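Model, not experiment: these values are computed from the prediction.
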Protein chains: 2
Amino acid sequence: MVVDGLTDDTVDRLFHALADATRRDILRRCVRGELSVSRLAAAYPMTFAAVQKHVTVLERAGLVTKERRGREQLVRTDPDAVGRARRALDELESAWRARVDRMSGLLADDAGRDAGPAAPAPDDRTRKGPDR
Amino acid sequence: MVVDGLTDDTVDRLFHALADATRRDILRRCVRGELSVSRLAAAYPMTFAAVQKHVTVLERAGLVTKERRGREQLVRTDPDAVGRARRALDELESAWRARVDRMSGLLADDAGRDAGPAAPAPDDRTRKGPDR
DNA sequence: CCCATCTACAACCATTTGGTTGTACGTTAG
DNA sequence: CTAACGTACAACCAAATGGTTGTAGATGGG
């Protein structure tokens, strides 16, 4: 399942990184000027190491970049990253809108609707999506 | 951290549900006409129970609704759900754009830039985001 | 009625996650 | 040089995740 140059794994990491309030907060904080990890860590009720891990997750998702300055490591959110998240969402939504539009046509003959599924999902057991 | 009526928990569940290729695939499949869970399960190399769990995750994230028809349970993706995901992303991005714009002003006096952080993150240790 | 189908749910297991502590290493300030 | 700071990383732990099997309750077809 690769659509727009975004691998399944990429999207997995992206959404997984976003699925945590602390990490989302780090993202918000690190756009208002890059912060060192230790300064960041001081803002949360957890250890430096824990925050460090969160930053790593964000980094592997491509949401954030680290840049060393002297002894500290500055974290900055990647502005393009949100774009990538949005594209992943768009990729999902495009399937949406197309089928929904097509469906609205099918909904016209509402009589035969409870005879069976509107679209018989033509031979879908061809082992498509999940490559995990 | 509640901004647009979207709780942290809500957003957590939303993104977590999206952070799995199988679940995203289920979403794509269930917009082209609602499918029963068993029919859905036949499309994946895993047990019915496993797929059932995935559907539950999607349901608790509000991405999908189940509707009983006879002995089968039809799964349909909620069209508004993507909107909610997008809003969550927007909420993140708005912080972005605002600060980035403000930052571009600060970047003008590039001389003093390596003396310290551009924005001193004014008293950020006020215990904001993470309620986990 | 009986049987096959679809669903629900509990119990279990391996792996991952999110957190901790502890140790080691480079860098800067005094 | 030495001490303090910022970081990296390993080891460990509890809880959640993603999967399995097994059992049991509704429902529809013959």
Side-chain angles (χ1 to χ4, degrees), chain A residues 8-9 12-27 30 34-61 64-76 114-117 121 125 129-132, chain B residues 8-9 12-26 30 34-61 63-76 114-117 121 125 129-132:
Chain A
D8 262 358
D9 259 21
D12 280 8
R13 281 194 294 260
L14 236 183
F15 283 133
H16 171 250
L18 290 172
D20 182 291
T22 302
R23 287 195 287 264
R24 289 195 299 273
D25 197 68
I26 291 180
L27 283 183
C30 286
E34 58 262 293
L35 297 174
S36 71
V37 182
S38 56
R39 177 165 274 281
L40 214 39
Y44 300 97
M46 63 185 85
T47 345
F48 171 85
V51 174
Q52 207 180 12
K53 283 193 187 180
H54 280 304
V55 171
T56 300
V57 170
L58 288 168
E59 192 182 18
R60 293 200 352 147
V64 124
T65 61
K66 288 195 290 187
E67 182 194 352
R68 170 141 248 136
R69 165 148 57 196
R71 66 180 160 186
E72 44 188 29
Q73 192 91 255
L74 302 185
V75 182
R76 179 196 302 123
D114 50 338
R125 50 185 49 62
D131 50 347
R132 347 175 6 135
Chain B
D8 261 358
D9 259 19
D12 280 9
R13 281 194 294 260
L14 236 183
F15 283 133
H16 171 251
L18 289 172
D20 182 290
T22 302
R23 287 196 285 263
R24 289 194 298 273
D25 198 67
I26 291 181
C30 287
E34 58 263 295
L35 297 173
S36 71
V37 182
S38 56
R39 178 165 271 281
L40 214 40
Y44 301 96
M46 62 184 85
T47 345
F48 171 85
V51 174
Q52 208 179 11
K53 283 191 186 178
H54 280 304
V55 171
T56 300
V57 170
L58 288 168
E59 193 181 15
R60 292 199 352 145
L63 284 162
V64 124
T65 61
K66 289 195 288 186
E67 182 195 351
R68 171 142 247 136
R69 168 148 57 193
R71 64 179 160 187
E72 43 188 28
Q73 191 92 254
L74 302 183
V75 182
R76 178 196 303 121
D114 50 338
R125 51 184 49 58
D131 50 346
R132 342 179 6 132

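None of B:R76, B:K66, B:R13 except one satisfies the salt bridge (charged side-chain N to carboxylate O under 4.0 Å, His left out) rule with B:E59; the exception is B:K66. For the side chain to side chain contact (heavy atoms under 4.5 Å, CB included) with A:S36, the lone residue among A:E72, A:R69, A:R71 that qualifies is A:E72.
Ranking D:dT20, D:dC9, D:dT7 by closeness to the A:A49 side chain, first place goes to D:dC9. Comparing C:dT20, D:dA8, C:dT7 by their closest approach to the side chain of B:Q73 singles out C:dT7. Closest to the A:R71 side chain, of the nucleotides C:dT7, D:dT20, D:dG6, is D:dG6. Listed nucleotides: C:dG18, C:dC6, D:dT17. Nearest to the side chain of B:H16: D:dT17.
The separation between A:R60 atom CZ and D:dC9 atom P is 13 Å, rounded to whole Å. Atom pair B:H54:NE2 and C:dT7:P shows a separation of 16 Å (rounding to whole Å applied). The separation between A:F48 atom CZ and C:dT23 atom P is 17 Å, rounded to whole Å. Atom NZ in A:K53 sits roughly 18 Å away from atom C1' in D:dG6 (whole-Å rounding). At whole-Å resolution of the value, CD in B:E67 and P in C:dC6 are 18 Å apart. Distance CG (B:L40) to C1' (C:dT7): 13 Å, rounded to an integer number of Å. Put simply, CD on B:E59 is 9 Å from P on C:dA8, counting in whole angstrom units. Rounded to a whole Å, the CG atom of B:L74 is 14 Å from the C1' atom of D:dT27.
Remark: the backbone N or O of A:R68 is paired with a side-chain donor or acceptor of A:Q73 at under 3.5 angstrom. Between the A:R23 side chain and the A:H54 main chain, no donor and acceptor come within less than 3.5 Å of each other. In this structure, the side chain of B:R24 engages the main chain of B:L18 through a donor-acceptor pair within 3.5 Å.
The side chain of B:R69 contributes no N or O atom lying less than 4.0 Å from OP1 or OP2 of D:dG28. For the OP1/OP2 pair of D:dA8 and a distance below 4.0 Å, the side-chain nitrogens and oxygens of A:Q52 include at least one atom meeting the criterion. OP1 or OP2 of D:dC5 has not a single side-chain nitrogen or oxygen of A:S38 nearer than 4.0 Å.
Within 4.0 Å of A:T47, counting heavy atoms only, lies at least one base atom of the nucleic acid.
Mapping B:K66 and A:G70 onto DNA chain C by nearest heavy atom places B:K66 at the nucleotide closer to the 5' end.
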